[in-house]
Protein chains: 2
Amino acid sequence: MKENAIRVLVVEDHQIVRQGLVALLSVADDVEVVGQASDGMEAVKEFEARQPDVTLMDLRLPKLSGVEAIQRIRSRYSNARFIVLTTYDGDEDIYRALQAGARAYLLKGMSVDVLLSTIKSVHAGKSIIPPAIAQKLAERMASEPLTQREQEVLEQIVRGKSNKEIGSELGVSEATVKTHINNLLGKLGVEDRTQAATAAIQRGLVQLDPKGGIRL
Amino acid sequence: MKENAIRVLVVEDHQIVRQGLVALLSVADDVEVVGQASDGMEAVKEFEARQPDVTLMDLRLPKLSGVEAIQRIRSRYSNARFIVLTTYDGDEDIYRALQAGARAYLLKGMSVDVLLSTIKSVHAGKSIIPPAIAQKLAERMASEPLTQREQEVLEQIVRGKSNKEIGSELGVSEATVKTHINNLLGKLGVEDRTQAATAAIQRGLVQLDPKGGIRL
DNA sequence: CATCGTTTCCACCTATAGATGGAGAAGACA
DNA sequence: TGTCTTCTCCATCTATAGGTGGAAACGATG
């Protein structure tokens with residue numbers, strides 16, 4: 001146990017990456033890893049048990065997503081501080097994580113030095129959002145959000161369904177589906193459903209499941 | 001420097017993950033990390049300089065992909081042994097890596113124990129391919145490969161181009177594009193271009209642009 | 001040389017997608 | 001209450017996509 005060290009909780013589902021992070025942080029004498037979690041539920045439990053100063057959080061987690069975990073924890077511990085650490089997810093994840101209260105967003109390509117200094121800054125109460133990401137965020141804020149129904153239709157498009165299939169899937173007529181599609185194409189700034197599908201994947205509006213289905 | 005240890009080269013572009021891997025492997029006394037590289041070109045250089053027993057290789061690398069790096073190295077050192085280490089890439093990458101001569105394919109979700117035992121097995125000359133991946137591979141082998149032209153058309157589809165646009169892009173008539181699309185839809189086992197686009201992304205046949213600007 | 005696969009193109013046809021303009025019902029909200 | 005948004009649906013039209021069958025040119029391969 002280190003004296004006066006920043007107490008850090010590491011949440012990451014890939015064991016190798018998690019253990020690597022822990023190993024790296026362990027050598028820094030002003031940071032102490034007080035807990036680890038490999039999914040969202042565990043993260044909430046560990047947070048409550050350890051009360052870390054800063055939580056390093058991956059976004060893609062089993063059981064409970066990183067965003068949801070942040071929300072749950074912050075609903076009770078409003079001053080909890082999070083650094084989101086991910087590979088290269090879509091804008092949507094960044095947006096939601098920062099909305100949920102994350103103080104910083106780091107890519108795994110970052111150096112260890114940057115990681116450590118970010119931990120210190122966030123612990124000191126600062127927010128670290130790289131300019132490039134801040135700009136993306138501004139763009140995303142400016143663009144109209146999709147309605148619930150439009151989001152559902154978009155997911156079906158990514159699944160490869162035809163308008164007719166989407167209609168029967170959602171229990172509405174094909175005409176309604178067309179209306180929604182026309183609206184969402186405009187909002188996404190694309191010309192057809194194929195562009196909508198790739199844009200949705202790229203922006204993180206819909207996730208492709210690694211195996212072959214779709215994950216929300 | 002450890003005695004009788006397996007000499008390992010670690011190739012991974014994400015600094016945090018790479019340094020984490022190195023930290024993890026360093027504590028094992030029968031494995032020694034003799035070099036690191038963060039892109040494909042560096043990997044080739046490091047391999048030649050260090051002559052490692054086993055190379056841990058990420059597939060998505062700047063400058064030169066992991067697959068190409070493996071090919072280049074094996075063209076001169078045919079007994080070089082590789083373990084491909086990745087997050088959850090498409091089938092196509094797995095296929096190509098194993099074709100290129102990788103002896104094992106591991107996901108980053110694997111435990112450190114599995115990683116270490118895989119290193120030992122591969123060093124001993126074995127090949128470790130998880131049954132689930134072997135099956136995927138068999139499926140891929142069975143399915144007809146796309147021709148060069150079909151691949152090009154597929155890429156344009158993913159980029160959201162219409163048949164007419166694809167035609168002028170590739171310098172052929174729209175009719176030709178339609179023919180290629182009809183053929184590739186059959187080969188991919190999908191019904192329309194939207195399904196083709198998502199399938200291509202999912203299977204790793206086409207990579208989406210690494211996002212418009214968020215790289216740090 | 002003959003065959004096979006690839007690439008190129010055509011005509012013709014049907015099905016689906018997308019654009020446009022309109023409209024009614026339900027809930028949220030000031 | 002009036003307004004706004006969302007969700008629903010319709011008709012109509014045009015453009016694009018996709019299916020089918022056929023065919024010519026080319027290179028590689030046996």
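By convention in this document, chain letters (A, B, ...) are assigned in the order of the sequence lines, proteins followed by strands, and residues within each chain are numbered from 1. All heavy atoms count here, side chains included; hydrogens, waters and symmetry mates do not.
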Asker: C/dG5 C1' sits how many Å from B/Q148 CD, rounded?
Answerer: 14 Å
Asker: Just checking, is any N or O donor in the side chain of A/T176 or A/T179 under 3.5 Å from an acceptor N or O on the other one?
Answerer: no
Asker: Could you tell me the separation between the CD atom of B/Q195 and the C1' atom of D/dG18, rounded to a whole number of Å?
Answerer: 13 Å
Asker: To the nearest angstrom, how far is B/E174 atom CD from D/dA15 atom C1'?
Answerer: 10 Å
Asker: In whole angstrom, what separates A/E152's CD from D/dT6's C1'?
Answerer: 12 Å
Asker: Regarding B/E152 and B/Q156, do their side chains bring together a donor and an acceptor under 3.5 Å, going by distance alone?
Answerer: no
Asker: Name every residue in residues 179-190 of chain A that has at least one heavy atom under 4.0 Å from any atom of DNA chain D, in order of residue number, or write none if there are no such residues.
Answerer: A/T179, A/H180
Asker: Does the side chain of B/R193 get closer than 4.0 angstrom to OP1 or OP2 of D/dA17 through an N or O atom?
Answerer: yes
Asker: Look at the rings of A/F82 and A/F47 and say which category their plane angle falls in: under 30° parallel, 30 to 60° tilted, over 60° perpendicular.
Answerer: parallel
Asker: How close or far is atom C1' of C/dG5 from atom CD of B/Q151, stated in whole angstroms?
Answerer: 18 Å
Asker: Rounded off to whole Å, could you give me the CZ-to-P distance for the A/R149 and D/dT6 pair?
Answerer: 14 Å
Asker: Specify the residue among B/A175 and B/E150 whose closest nucleotide of DNA chain C lies further upstream toward the 5′ end.
Answerer: B/E150
Asker: Tell me the interatomic distance from B/K178, atom NZ, to D/dT16, atom P, rounded to whole angstroms.
Answerer: 10 Å
Asker: Can a donor-acceptor pair be found between the side chains of A/E42 and A/S38 at a distance below 3.5 Å?
Answerer: yes
Asker: Pull out every residue in residues 163-173 of chain B that has a heavy atom closer than 4.0 Å to any atom of DNA chain D, ordered by number, or say none.
Answerer: B/N163, B/K164
Asker: Does A/T176 make a side-chain N or O approach to OP1 or OP2 of D/dC9 shorter than 4.0 Å?
Answerer: yes
